[in-house]
Amino acid sequence: DKITYSTAVSACGKGSHWDHALMLLVEMPSAHVELVISCYDVAISACEKCGEQAKALRLLAGMAWPLEKLHMICTSEIGCP
């Protein structure tokens, strides 16, 4: 469920396992689990911490969230102006 995936993505992010966090994000829709912004936030942060800024930006670009939330994540996680 959403809580289990969110917890797993968060654990991957804290452990700097950006690749596992991204795999979980990809898996969520096929498991009929709603993607939540906190999962994206943690995965983007994990990518950034591991020097995978390009992956973080691609993930950010693929999100279907309102512009205000995207700006919040961009400014807080990857240092956009």
Side-chain angles (χ1 to χ4, degrees):
D1 69 340
K2 185 171 30 177
I3 294 171
T4 303
Y5 272 93
S6 295
T7 302
V9 170
S10 180
C12 290
K14 288 178 183 173
S16 297
H17 296 288
W18 62 269
D19 50 344
H20 295 289
L22 294 184
M23 286 182 356
L24 288 167
L25 280 180
V26 169
E27 187 179 292
M28 288 174 76
S30 64
H32 305 289
V33 176
E34 176 188 3
L35 288 164
V36 291
I37 198 162
S38 60
C39 288
Y40 278 104
D41 185 33
V42 170
I44 289 168
S45 180
C47 289
E48 192 273 331
K49 280 192 253 181
C50 294
E52 297 291 336
Q53 287 85 355
K55 288 187 182 0
L57 290 172
R58 275 194 295 259
L59 184 57
L60 185 63
M63 292 173 58
W65 295 97
L67 186 57
E68 306 84 54
K69 289 183 181 181
L70 291 175
H71 185 263
M72 174 192 69
I73 291 172
C74 187
T75 55
S76 68
E77 295 300 329
I78 53 179
C80 296

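As the structure is a computational prediction, the values presented were derived from the model and not from experiment.
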Residues Met28 and Glu34: closest non-hydrogen pair is CE-O, 3.4 Å
Nearest-0.5 Å distance that lies between atom NE2 in His20 and atom CD in Glu27: 12.5 Å
Under 3.5 Å, side chain of Ser10 to main-chain N/O of Ser6, donor-acceptor pair present? no
Let me confirm one number: the SG-CE distance from Cys12 to Met23, rounded to the nearest 0.5 Å. 8.0 Å
If you look at every heavy atom in Trp18 and Cys50, which pair is closest and at what distance? CD1-CB, 3.5 Å
Please indicate whether Lys2 has more than 12 foreign heavy atoms, meaning atoms of other residues, nucleotides or ligands, lying under 6.0 Å from its NZ. no
Looking at Gly13 and Val42, what are the two nearest heavy atoms and their distance? CA-CG1, 3.8 Å
Could you report the tightest heavy-atom contact between Ala31 and Tyr5, atom names first, then the distance? CB-OH, 3.5 Å
Considering all heavy atoms of both residues, which atom of Ala43 and which atom of Val9 are nearest to each other, and what is their separation? N-CG1, 4.4 Å
If I take atom CG from residue Leu22 and atom SG from residue Cys39, how far apart are they, to the nearest 0.5 angstrom? 11.5 Å
